[in-house]
Amino acid sequence: MKPNDDPFVPLVQENLSLPEPEVGTLSGHWVGRLQGFDLLEQPLVGALAACPGRVLACRSTVPLRSAHRGREVLVIFEQGDRERPIIVGVVEPHPLQDAPAMASAPQQGVRVEVDGERQLIQAEREIVLRCGEASITLTRAGKVIIRGNYILSRSSGYNKIKGAAIDIN
């Protein structure tokens, strides 16, 4: 038996290099669409040209809410790896380009916008906040109706009641 025939003797090859795992060459920013959230509340992004036909669970550098569902998001890939997407922003619609499409689309339901500093709740006809027997109603005609068993108005500064006519009792 020759020395090289022994199966227990390791073969030594010089300049043996293993191929490095292929990491995608995804550089730059990609635009995708926020599909929703998985059970771990990770954002799910689809419609990425970099990963066609896939929906990816992502990390995010910006706070995302269910109100952002369906919006375009800006995605980068950590170290170019297709399996490590990071959302770096939510793409705001262009006011001039998207205005005709938004104007022609019928408003359905209530629109809510939340950005951390302001909350806007908008409806076509009426908004009602109700708790037990108390309610605040806002109407399309500009009426504000406050109802309750006990209504209190307090101010640490100036408390002003202004109107064309004021009726007390």
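Judged as a side-chain contact (heavy atoms from CB on, under 4.5 Å), and not counting sequence neighbours, Asp167 has no contacts. With sequence neighbours excluded, the residues forming a side chain to side chain donor-acceptor pair (under 3.5 Å) with Arg84 are Glu78, listed by chain and number. Residues forming a side-chain contact (heavy atoms from CB on, under 4.5 Å) with Arg140 (at least two apart in sequence, or on another chain): Glu124, Arg125. Under the side chain to side chain donor-acceptor pair (under 3.5 Å) criterion, Ser153 pairs with Asn159, not counting sequence neighbours. Arg154 is linked by a side-chain contact (heavy atoms from CB on, under 4.5 Å) to Leu152, counting only residues two or more places apart in sequence or in another chain. For Arg71, the side chain to side chain donor-acceptor pair (under 3.5 Å) partners at least two apart in sequence or on another chain are Glu92. Here Glu133 pairs with Asn149 under the side chain to side chain donor-acceptor pair (under 3.5 Å) rule; sequence neighbours left out. Residues forming a side-chain contact (heavy atoms from CB on, under 4.5 Å) with Leu120 (at least two apart in sequence, or on another chain): Arg111, Glu113, Arg118, Gln122. Every residue two or more places apart in sequence or in another chain was checked for a salt bridge (Lys or Arg N to Asp or Glu O under 4.0 Å) with Arg69, and none qualifies. Partners of Arg147 according to the salt bridge (Lys or Arg N to Asp or Glu O under 4.0 Å) rule, which considers only residues two or more places apart in sequence or in another chain, do not exist here.
Residues His29 and Ile76 come closest through the heavy atom pair CD2-CG2, 3.3 Å. Shown here for Ala57 and Pro85, the closest heavy-atom pair between the two residues is O-CG, 3.6 Å. Contact between Pro63 and His68 at its shortest, heavy atoms only, is O-CE1, 3.9 Å.
The closest side-chain heavy-atom distance from Thr137 to Glu126 is below 4.5 Å. Between Thr61 and Ile87 the shortest side-chain heavy-atom distance does not fall below 4.5 Å.
For residues 41-53, the set of pairs meeting the salt bridge (Lys or Arg N to Asp or Glu O under 4.0 Å) definition, not counting sequence neighbours, is empty.
Atom CG of Leu129 and atom CD1 of Ile146 lie 10.5 Å apart (nearest 0.5 Å). Atom-to-atom distance recorded for Ile121:CD1 and Leu138:CG is 9.0 Å, nearest 0.5 angstrom.
The number of heavy-atom neighbours closer than 6.0 Å to CD1 of Ile166, taken from other residues, nucleotides and ligands shown, is above 12.
Here the options are Val75, Leu74, Val62, Val73, the test is side-chain contact (heavy atoms from CB on, under 4.5 Å), and the partner is Val88; only Leu74 passes.
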Do any side-chain atoms of residues 44-54 form donor-acceptor pairs under 3.5 angstrom with protein atoms, and if so which ones, sequence neighbours left out?
unit_1, atom_1, unit_2, atom_2, d
Arg54, NH1, Glu83, OE2, 3.1
Arg54, NH2, Glu83, OE1, 3.3
Arg54, NH2, Glu83, OE2, 3.3

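Following chains of ILVMFWY side-chain contacts shorter than 4.5 Å, one can reach Phe37 starting from Val90, so the two form part of one hydrophobic cluster.
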